Amino acid sequence: MIRELAEPMVQIDLLGGIGEIGGNKFLVEDSDSRILLDFGMSLGARGQFFSEPFLSPRDRQGLVTLGILPDIHGLYRDEENPPINAVVLSHAHIDHSMCISLLNRKIPVYCGETTLSILKTLSEMRPRGFENDLEGIEFKTFRTGDNVSFGKIQLEPIHVDHSIPGSYAFLVHTSKGTIAYSGDFRAHGPKSNMTKDFSDAAERSEPELFLCEGTNLVRGDLRTEQEVLEKSEHVVKKTKGAVLASFSSADIDRLRTFHEIAEKNDRLLVVSMKQAYLLRSLANDKHLDVPNVIGDPHIAVYQRSKKTYYNWEKDILSSVTVKTSKDIREMQPKIILASSPYDMNEVLDIQPGPGGAYINSSSEPFNEEMEMDHERFTNWLNHFGLPMYQIHSSGHMMPTELRETIAQVKPKRLIPIHTEQPELYRLFVKDLTMVELGSKGSTVEV
Ligand SMILES: [Zn+2]
Ligand SMILES: [Zn+2]
């Protein structure tokens with residue numbers, strides 16, 4: 001009887017990120033300690049009910065009722081008795097972090113320094129609402145090498161390479177052994193040595209269980225950032241007219257790539273106000289080495305034509321070199337314009353001449369600028385006479401890299417996360433480890 005009471009219980013509630021890309025929420029429990037690994041929005045589940053901006057969620061209760069958010073009393077804002085010790089964020093993408101706005105303010109949020117600056121900066125630029133409100137959250141930051149204790153649970157964050165800076169994976173040490181959690185990661189990126197640091201540490205910890213992402217099992221592509229640079233540069237060199245390039249605002253590696261191309265080909269990289277604001281706020285981060293949006297002769301900021309500007313927009317426009325649609329129209333052979341499919345009204349004003357190019361360099365399944373309907377976007381390109389090039393390097397592991405990582409880490413068991421192909425994943429790696437599929441909402445014991 002006494003022995004039974006003393007036996008520790010370690011389990012994981014798979015609250016989101018199972019059978020879906022993103023929406024990660026894994027509740028790790030050891031005796032009286034509980035931490036939530038990521039608190040992301042399930043964009044797939046949300047999209048089954050809502051279509052913004054015409055049909056948006058009205059409040060948290062609606063999201064809980066529809067099963068988009070877990071029904072856990074005390075987890076949310078203004079509720080009593082917080083049921084967990086902390087939320088721990090792997091990185092700032094919304095499919096991992098967005099739901100912290102709704103969190104009970106008595107629950108602290110742990111994340112890396114860079115993630116915190118990105119979260120705050122992006123939040124400032126988005127319209128405020130119940131899903132974008134960081135007011136009153138107690139943030140605590142960690143770095144690689146730290147060991148954060150939550151009762152019986154020891155959290156060891158380790159940097160990894162991904163398509164947004166400041167990403168982490170975790171080793172969660174419990175009284176029943178170590179749980180490794182990949183977050184989102186890749187091994188072919190410019191900072192693959194960081195991912196290697198994680199795989200090495202994970203291997204040493206001899207994990208009982210590995211929660212490992214598998215985003216790319218049906219979109220394998222072996223392009224590195226260097227290849228994106230070479231291919232895009234080739235297009236830019238051969239293009240007489242304007243070059244438009246679409247990439248995620250928070251993908252600083254990609255921005256650096258296009259900046260380098262602009263420099264080498266004597267073009268001006270014209271970024272959006274949003275990108276500029278983010279770049280400026282990350283400028284002090286010594287580890288990142290972001291291009292200097294204020295002083296660099298090859299960077300300018302595109303001023304959208306509108307009647308009134310938000311304070312953050314006025315702030316950034318007053319501190320940088322600004323270009324309007326009229327400026328861009330007159331200097332087309334000299335620019336690379338960062339522009340998403342949602343900027344097409346602006347491109348109407350620019351009136352691209354013959355011989356231009358559109359480089360699509362963002363195909364992450366859920367970046368924050370949701371994919372515009374492909375057909376509609378093609379209509380715009382047809383109108384402008386802009387051919388499109390698809391040149392991208394993913395933020396996620398390629399299938400071959402996944403196998404190498406799992407073979408190295410040698411977990412006793414593995415649960416595929418952040419993938420729509422868990423069964424394919426299982427068959428692909430079943431000779432390396434025991435794969436359990438789990439299901440959203442279920443609990444696994446460690
Ligand atoms: Zn993700
Ligand atoms: Zn991500």
Side-chain angles (χ1 to χ4, degrees), residues 14-26 36-47 68-69 87-100 109 111-112 114-119 121-123 157-170 180-192 194-195 198 210-221 225 247-255 278 282 288 361-371 392-399 401-402 405 415-422 425 440:
L14 311 172
L15 301 172
I18 295 289
E20 58 183 340
I21 293 176
N24 284 26
K25 299 174 206 72
F26 300 101
L36 184 58
L37 304 179
D38 281 335
F39 198 12
M41 177 52 74
S42 283
L43 295 168
R46 185 195 178 90
I68 298 166
L69 288 180
V87 167
V88 181
L89 300 181
S90 61
H91 63 287
H93 278 151
I94 58 174
D95 60 321
H96 296 254
S97 67
M98 180 171 166
C99 301
I100 58 169
V109 174
C111 61
T114 304
T115 294
L116 181 55
S117 1
I118 296 174
L119 285 174
T121 310
L122 291 181
S123 167
I158 302 167
H159 52 209
V160 286
D161 191 28
H162 181 42
S163 49
I164 188 168
S167 297
Y168 283 85
F170 302 122
Y181 173 66
S182 67
D184 288 351
F185 68 161
R186 63 180 169 193
H188 55 270
K191 301 218 166 68
S192 53
M194 301 201 302
T195 301
F198 167 70
F210 193 4
L211 301 172
C212 185
E213 72 127 311
T215 315
N216 273 337
L217 288 166
V218 288
R219 40 180 126 230
D221 183 351
E225 195 63 35
F247 51 92
S248 158
S249 308
D251 190 344
I252 303 297
D253 293 327
R254 194 58 41 81
L255 194 128
L278 186 62
L282 294 177
L288 291 186
S361 198
S362 73
S363 74
E364 299 298 4
F366 290 120
N367 61 27
E368 50 182 297
E369 303 87 359
M370 306 253 186
E371 291 286 329
H392 182 59
S393 167
S394 171
H396 300 276
M397 282 281 184
M398 289 304 128
E401 298 167 346
L402 255 190
T405 304
I415 298 179
I417 60 169
H418 208 279
T419 179
E420 287 169 344
Q421 280 80 29
Y425 197 141
K440 193 168 169 176

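Each ligand, and each atom within it, is numbered from 1 in the order the structure gives. These numbers come from a predicted model, not from an experiment.
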(message) With a 3.5 Å distance limit and no angle check, can you tell me whether H392 reaches the backbone of S361 through a side-chain donor-acceptor pair?
(response) yes
(message) Please enumerate all residues that pass side chain to side chain contact (heavy atoms under 4.5 Å, CB included) together with S192, with sequence neighbours excluded.
(response) none
(message) I'd like to check H91 versus S97 (side-chain heavy atoms, cut-off strictly below 4.5 Å). Are they in contact?
(response) no
(message) When you measure from the side chain of Q421 to the backbone of V218, do you find a donor-acceptor pair of N or O atoms at a distance under 3.5 Å?
(response) no
(request) Hey, can you tell me if H93 and H162 have their rings parallel, tilted or perpendicular (30° and 60° cut-offs)? (result) perpendicular
(request) Please check if the side chain of R186 supplies one atom and the backbone of S394 the other of a donor-acceptor pair under 3.5 Å. (result) yes
(message) Under 2.8 Å from the Zn ion (ligand 2), which protein N, O or S atoms do you find? Ignore water molecules.
(response) H91 NE2, H93 ND1, H162 NE2, D184 OD2
